[in-house]
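Let me begin by presenting the structure, written as structure tokens, before commenting on it.
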2 protein chains.
Amino acid sequence: MLDMLRSEGNRVTTSRRLLIGCLFEAKGHLTAEEIAEDLQRRAPDIHLSTIYRNLDELERLGVVSHSHLGHGPATYHLSTKVHGHLVCEECGVTIEAPDEIFAELAKIVLKEHDFIIDPHHFAVLGRCGTCQQRAVDQERSGEAERASRT
Amino acid sequence: MLDMLRSEGNRVTTSRRLLIGCLFEAKGHLTAEEIAEDLQRRAPDIHLSTIYRNLDELERLGVVSHSHLGHGPATYHLSTKVHGHLVCEECGVTIEAPDEIFAELAKIVLKEHDFIIDPHHFAVLGRCGTCQQRAVDQERSGEAERASRT
DNA sequence: GTTCTTGCAAAAGCTTTGCAGGAAG
DNA sequence: CTTCCTGCAAAGCTTTTGCAAGAAC
């Protein structure tokens with residue numbers, strides 16, 4: 001990947017080496033801020049703006065992608081690690097979903113709208129099982145309360 | 001809807017009347033800024049922050065929703081008008097999609113992840129037919145150029 | 001040496017908040 | 001007359017940009 005940078009006329013610098021290392025090791029989804037904290041442990045004066053610039057560059061080269069998992073900052077990861085996300089609007093939990101779940105949607109949308117979906121860029125929001133259950137429970141206790149008042 | 005506001009202890013004010021009117025007439029997706037321009041034609045000193053506050057309030061009451069159609073500002077509309085969106089990452093065109101296209105995805109996700117999706121909040125990004133075609137054409141002319149150089 | 005990168009500071013874009021005066025009920 | 005709303009100004013958060021000093025090649 002460093003060679004790839006070089007061959008495009010880009011320089012191989014400390015911040016880029018560390019950034020790429022960080023992305024390789026990363027388990028999940030890192031925001032620019034989180035990446036900054038990580039890199040700054042090894043090189044304290046790497047600046048956030050440098051990280052944004054490097055992420056942009058790597059994204060242009062196609063090796064990095066970002067996703068939006070809800071309101072709040074974007075998250076970055078290697079393009080090789082892309083996958084879909086389900087994010088609960090209530091508690092914010094993020095579920096990583098295999099791409100197969102989008103197969104049918106992709107097919108329909110291509111046929112009906114001549115549109116190729118990229119199901120990774122934006123998460124699919126909704127409500128997780130736990131929060132559904134909580135909503136049901138609250139509904140029930142609300143009913144009980146109303147009943148007890150009569 | 002004005003009665004609904006009143007019954008919740010909220011006041012019916014000029015800005016709220018105009019805001020609701022604007023949302024009823026609106027064809028598509030309006031950003032807060034666009035709503036502001038519209039209302040200010042009738043009441044020049046309605047402030048953007050007032051609009052944000054009113055939209056939040058109406059959203060809390062469940063009559064307004066917002067969606068994110070890409071990078072850039074959120075768009076607001078009556079909850080009765082929600083629908084899915086396909087947005088081209090390249091040219092930005094927005095296609096309104098009927099909800100049926102999400103039926104299969106919803107079913108799978110519920111079964112596999114006990115998760116109820118809300119397919120309206122975030123658009124589905126991807127590439128529209130026109131931009132696909134353009135990419136193919138460019139690829140072809142690139143090939144031609146490379147060939148002519150040999 | 002030339003060109004690309006960086007740190008810093010500042011600004012941009014969208015949205016939220018504190019406050020004091022004003023309107024709705 | 002009490003409570004809620006509003007305009008304004010300011011700040012918040014994420015991301016981008018201009019610039020001059022510095023590093024990679």
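A quick note: this is a predicted structure, and the numbers were derived from the prediction, not measured. In what follows, chains carry the letters A, B, and so on, assigned in the order in which the sequence lines appear, proteins first and then strands, with residues in each chain numbered from 1.
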(request) List for me each residue that meets ring pair (Phe, Tyr, Trp, His ring centres under 6.0 Å) alongside A/His66, sequence neighbours excluded, and say none if there are none. (result) A/His68, A/Tyr76, A/His121, B/His71

(request) Report yes if a side-chain nitrogen or oxygen of A/Tyr52 is closer than 4.0 Å to either non-bridging phosphate oxygen (OP1 or OP2) of D/dT16; otherwise report no. (result) no

(request) Check side chain to side chain contact (heavy atoms under 4.5 Å, CB included) between A/Ser15 and all other residues, then give those that pass, not counting sequence neighbours. (result) A/Thr13, A/Ile46, A/Thr50, A/Asn54

(message) Once side chain to side chain contact (heavy atoms under 4.5 Å, CB included) is applied, do any residues pair with B/Glu100, and if so which ones, sequence neighbours excluded?
(response) B/Pro98

(request) Mind jotting down which residue pairs meet the salt bridge (Lys or Arg N to Asp or Glu O under 4.0 Å) criterion with at least one end in residues 6-15 of chain A? Sequence neighbours excluded, please. (result) A/Asp3-A/Arg6

(request) If a protein heavy atom is under 4.0 Å from the base, mark B; if only from the sugar-phosphate, S; if neither, -; do that for nucleotides 20-25 of chain D going 5' to 3'. (result) ---BBS

(message) Among residues 55-67 of chain A, which ones have heavy-atom contacts with DNA chain C below 4.0 Å?
(response) none

(request) Taking side chain to side chain donor-acceptor pair (under 3.5 Å) as the test, write out the residues that go with B/Asp99, two or more places apart. (result) B/His120

(request) May I ask you to say what A/Arg53 touches in the nucleic acid, namely base, sugar-phosphate or nothing, with a heavy-atom cut-off under 4.0 Å? (result) base

(message) Side chains of A/Thr75 and A/Thr31 only: does a donor on one sit below 3.5 Å from an acceptor on the other?
(response) no

(message) So that I can tick it off, tell me whether B/Arg16 and B/Glu57 are bridged by a salt bridge, with the cut-off set at under 4.0 angstrom between side-chain N and carboxylate O.
(response) no

(request) Hey, which sits more toward the 5' end of DNA chain C by its nearest nucleotide, B/His68 or A/Leu5? (result) A/Leu5

(message) I need the B/Leu105 CG to B/Ile117 CD1 distance, nearest 0.5 Å.
(response) 4.0 Å

(message) What range of DNA chain C does chain B touch, first nucleotide to last, counting atoms under 4.0 Å from its heavy atoms?
(response) C/dC14 to C/dG25

(request) Name all residues meeting the side chain to side chain donor-acceptor pair (under 3.5 Å) criterion together with B/Gln133; count only those two or more places apart in sequence or in a different chain, and write none if there are none. (result) B/Asp137

(message) Run the side chain to side chain contact (heavy atoms under 4.5 Å, CB included) test against B/Arg17 and tell me which residues pass, sequence neighbours left out.
(response) B/Leu2, B/Val12

(request) Check ring pair (Phe, Tyr, Trp, His ring centres under 6.0 Å) between B/His83 and all other residues, then give those that pass, not counting sequence neighbours. (result) B/His29, B/His85

(request) List in numerical order all residues of residues 41-51 of chain A for which some heavy atom is under 4.0 Å away from an atom belonging to DNA chain C. (result) A/Asp45, A/Ile46, A/His47, A/Ser49, A/Thr50

(request) Could you tell me the separation between the CZ atom of B/Phe102 and the CG atom of B/Asp118, rounded to the nearest 0.5 Å? (result) 9.5 Å

